Amino acid sequence: MTNKEISKLFLEVAASYTIKNEKKYRFQIIAYQKAAEAIEGSPYQVIDLYKEGKLDEIPGVGPTIKLRLEELIKTGRVKHFDDVKKGISPAVFRLMEIPSFGPKKAYKIATEFNLKNEKTALEDVRKLAIEGKIEKIEGFGKKSEEDLLTAVEEFKKGKGKTTKMILPYALEIANDIIDHLKKHKAVLDAKPLGSLRRMKSMVGDIDIAVSTNNPKEVIEHFTNYPRRQRLIEKGAITSSFLTTGGNQVDLMVLPPSQFGSLLQHFTGSKDHNVSLREFALGKNLSLNEKGIKNLKTGKLTKYSTEEDFYKALGMQWIPPELRENTGEIEASKNNKLPNLVEVKDIKGDFHLHSSFPVEESHDPGKSSIEELVKKARGLNYEYIGLSEHNPSQSKHTNDQIVRLLEKRNKEAEKVEKRLNFKIFKLMETDILPNGKLALPQDALKILDATIVSIHSVFIMKKEDMTKRVIEGLSHPKAKILAHPSGRLLGKRAGYELDYDLLFDFCKKNNKAIEINAHPKRLDLDDSLVKIAIERGVMLVINTDSHEKDQMDLMYYGVAIARRGWAEKDDIINTMSYNEVLDFFKK
DNA sequence: GCCGTTTTCGGCCCGACTGTTTTCAGTCG
């Protein structure tokens, strides 16, 4: 069973408790939801943690849930869950995937009309709504029947609760809406918040906060966004709509005197806010988007900046990328937040594919070496690395390959002299299924180092893939493992690796792991970045550019490093040229 | 059902909005 499946099961258990007796099981519901979230977000598979006896290391998993997980893994089911879910049709859980459908509504409809089949549940409900049968149920009316029909039809078109987009796409939509908002003179400030501000690799909704003294006009103006489709809600201080592309946008507006608490509230994450509010309660303070309420006096204090808001709690301001409730609150209280790496710390980019014809088997670059250097200079870099894919082995003899690399190196040296800019002579070398590198020894000899990566035969057992990668990295010239999981966000999960073994190996043998900055990859994942750093593994942030302007994507890689608590010294390409040379030789 | 800088027992975040109500339940973030 995958983490995702386990997480789904836990959410079904929580929903079942809600249906049976929300008040009585209030805290069990929260517990299962929390555990579900932790399991879904865990970089480790539950099945592996079970084998290693580390189930209770998952936050939110205590003695009882641990027993349930053990039973689930051993027998494929949990007796207690079957009891809890008894009498609740699977159609209920299917309906709950539709936005605006919670456990109560889904249960009521499924029960009223005896819906049993989870496969036809959506279509069944759609028909009932069209036939006008929904509005006759107690608690429903004409309007809710119409809304329900809209929700089902949108969901069928793929506008579900789980539809997510990659960062640049979300950023573009957010910027377009912010441009629209700023055209109105009542808008004093507008900022993208939520998971976008926290720079999560995938973003669900677009959250925007506005500072204004005229909420009503701003909300009105927001709803007049030209690329708006359906209006979801429109209240005194919040509003939401779907864009024509089906993305949900949530707005919240408050006066400038309260903008600080609004930024804090709307940036999240939910877990961060819950923990922060629990901590504040201990000081007799209650937090919300409007400010901080003293529970003894009932007095609300307002904050125009986020810095002041955190300060009032006796804390350091926490960079948004860290707000995931993974220790940042504790660190902030103790003045121990990391000094996160920044884009301006980056001195070079090692993973660049030039257009120099090395006759690689796939994906040649489009920009010349000279163009890449000029671009790097514009970014204030000190050096770059050339990392074209290795020449195809099937079409060349070893001698031909060596000669191709010699030519490339010679051209690099020419440019290096002409433009007075340091260039590392690298390659991106495939790790073949047997763990050998796809370059002959004589070719590897004339390189400063090589990046290695997997580009074929993705389907392998985890142990075999780990062995393959470590074998590839074992060559003295192999110094960087590129896009370690091979994932493509939203498209391809990537292969499995034993990261414990990989990190140990890299630490012992001075190998670096890449954070691939391309927004479709962002691989190594941020949760693994955090673990790698805790283990003392060196990382490198590369753009994997196939065209010079892609070098601007460094920003996204740095964001992922920051989400993993990376400081400057954890990242190879913040080092000087000579320090990098030393690292390659170690 | 989890968890600990006040706690191994007694707590457990906070509010906006909508529709169907006539004071609130449900959903969402």
Side-chain angles (χ1 to χ4, degrees), chain A residues 10 13-15 17-19 22-38 56 58-69 80-81 84 95-96 98-109 134-148 151 161 193-195 204-209 215 219 231-241 248-254 261-262 264-293 295 300 314 325 329-330 333-334:
Chain A
F10 276 24
V13 171
Y17 272 130
T18 310
I19 290 163
E22 191 175 14
K23 284 215 174 91
K24 182 174 168 194
Y25 298 116
R26 197 172 144 211
F27 298 111
Q28 279 90 338
I29 293 166
I30 294 171
Y32 276 102
Q33 285 170 339
K34 262 195 170 168
E37 207 169 319
D56 37 21
I58 306 170
V61 173
T64 307
I65 293 187
K66 185 182 167 201
L67 283 175
R68 310 276 191 242
L69 282 173
H80 175 71
F81 290 173
V84 177
L95 292 181
M96 276 182 60
I98 306 166
S100 81
F101 275 69
K104 305 278 182 68
K105 250 200 233 179
Y107 181 71
K108 190 148 198 181
I109 291 173
I134 303 283
E135 68 162 312
K136 300 202 169 63
I137 315 174
E138 194 200 339
F140 288 77
K142 191 83 202 151
K143 182 74 169 74
S144 51
E145 184 174 76
E146 280 168 21
D147 291 348
L148 186 151
K161 286 175 184 173
L193 304 179
S195 49
D205 300 345
I206 309 272
D207 299 313
I208 294 175
I219 299 257
L231 184 63
I232 297 171
E233 60 167 54
K234 182 179 171 184
I237 62 167
T238 73
S239 177
S240 304
F241 61 64
Q248 184 168 335
V249 185
D250 298 329
L251 176 78
M252 192 180 265
V253 303
L254 279 176
S261 48
L262 174 57
Q264 197 290 318
H265 166 80
F266 221 20
T267 297
S269 65
K270 185 174 166 242
D271 273 2
H272 174 84
N273 284 357
V274 168
S275 277
L276 198 66
R277 286 167 188 173
E278 280 173 351
F279 164 65
L281 273 181
K283 299 182 157 202
N284 261 315
L285 300 171
S286 172
L287 313 181
N288 64 39
E289 63 270 30
K290 306 223 167 71
I292 302 181
K293 193 160 71 185
L295 291 175
L300 180 83
N325 196 30
I329 292 178
E330 208 52 37
K333 281 190 258 179
N334 300 322

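Note that the structure is predicted; figures quoted are calculated from it, not measured. All values below were derived from every heavy atom in this structure, side-chain atoms included, with hydrogens, water molecules and symmetry-related copies excluded. Here is how names work: the chains are called A, B, and so on, in the same order as the sequence lines, proteins then strands, and each is numbered from 1.
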**Message:** In this structure, how many angstroms lie between the C1' atom of B/dC2 and the CD1 atom of A/Ile58, rounded?
**Reply:** 14 Å
**Prompt:** Mind checking the P distance from B/dT27 to B/dG10? Whole angstroms is fine.
**Reply:** 34 Å
Got a list of side-chain donor-acceptor pairs under 3.5 Å for residues 264-274 of chain A, not counting sequence neighbours?
| from | atom 1 | to | atom 2 | distance (Å) |
| --- | --- | --- | --- | --- |
| A/Gln264 | NE2 | A/Asn273 | OD1 | 3.1 |
| A/Gln264 | NE2 | A/Tyr310 | OH | 3.1 |
| A/His265 | ND1 | A/Arg277 | NH2 | 3.0 |
| A/Thr267 | OG1 | A/Arg197 | NH1 | 2.7 |
| A/Thr267 | OG1 | A/Leu263 | O | 2.6 |
| A/Ser269 | OG | A/His272 | N | 3.2 |
| A/Ser269 | OG | A/Arg323 | O | 2.9 |
| A/His272 | ND1 | A/Glu328 | OE2 | 2.7 |
| A/His272 | NE2 | A/Tyr310 | OH | 2.9 |
| A/Asn273 | ND2 | A/His265 | O | 2.9 |

**Fill in**
From CG of A/Asp271 across to C1' of B/dG29 the rounded distance in Å is 12 Å
**Prompt:** Mind checking the P distance from B/dG1 to B/dT5? Whole angstroms is fine.
**Reply:** 24 Å
**Message:** I need a per-nucleotide contact map over nucleotides 17-22 of chain B, read 5' to 3'. Cutoff is protein heavy atoms under 4.0 Å; write B for the base, S for backbone only, - otherwise.
**Reply:** SSSSS-
**Message:** Just to verify, what does A/Lys293 make a salt bridge (charged side-chain N to carboxylate O under 4.0 Å, His left out) with, not counting sequence neighbours?
**Reply:** none
**Prompt:** Listed by chain and number, what are the side chain to side chain donor-acceptor pair (under 3.5 Å) partners of A/Ser275, not counting sequence neighbours?
**Reply:** A/Asn325
**Request:** For A/Lys143, enumerate each residue passing the salt bridge (charged side-chain N to carboxylate O under 4.0 Å, His left out) test, keeping only those at least two apart in sequence or located in another chain.
**Result:** A/Asp147
**Request:** Rounded to the nearest 0.5 Å, what's the gap from CZ on A/Phe10 to CD1 on A/Ile65? Could you check?
**Result:** 5.5 Å
**Prompt:** Quick one: what's the B/S/- string for nucleotides 5-14 of chain B, heavy-atom cutoff under 4.0 Å, read 5' to 3'?
**Reply:** BB-----BBB
**Request:** Take atom CD1 of A/Ile292 and atom C1' of B/dG15, then tell me their distance rounded to the nearest Å.
**Result:** 16 Å
**Prompt:** Looking only at atom P, what distance separates B/dC13 and B/dG19, rounded to whole Å?
**Reply:** 29 Å
**Item:** Residues which pass side chain to side chain donor-acceptor pair (under 3.5 Å) with A/Ser240, listed by chain and number, not counting sequence neighbours
**Value:** A/Asp250
**Asked** Can you check the A/Lys66 NZ to B/dC2 C1' distance for me, whole Å?
**Response** 15 Å
**Request:** For A/Lys24, check side chain to side chain contact (heavy atoms under 4.5 Å, CB included) against everything at least two apart and list the hits.
**Result:** A/Asn21
**Per A/Lys290 side chain, nearest of listed nucleotides B/dG1, B/dG26, B/dG15** = B/dG15
**Request:** For B/dT18 and B/dC12, measure between their C1' atoms and round to the nearest Å.
**Result:** 28 Å
**Item:** Mate of B/dT8 where both pairing distances stay under 3.5 Å, Watson-Crick or G-U
**Value:** none
**Item:** N or O in side chain of A/Tyr25 less than 4.0 angstrom from B/dG1 OP1/OP2
**Value:** no
**Request:** Side-chain contact test, heavy atoms from C-beta onward, threshold under 4.5 Å: evaluate it for A/Ser239 versus A/Val253 and give yes or no.
**Result:** no
**Request:** Quick one: list whatever passes salt bridge (charged side-chain N to carboxylate O under 4.0 Å, His left out) with A/Glu233, sequence neighbours left out.
**Result:** none
**Message:** Side chain of A/Ile65 only, heavy atoms from C-beta on: which candidate in B/dG26, B/dC2, B/dG29 is closest?
**Reply:** B/dC2
**Asked** Between atom NZ in A/Lys108 and atom P in B/dA25, what is the gap in whole Å?
**Response** 12 Å
**Student check: side-chain heavy atoms of A/Lys290 and A/Ile237 closer than 4.5 Å** = yes
**Message:** Using whole Å, what does the distance between atom P of nucleotide B/dC2 and atom CG of A/Leu69 come to?
**Reply:** 10 Å
**Asked** How far does the C1' atom of B/dG11 sit from the matching atom of B/dA16, given to the nearest Å?
**Response** 26 Å
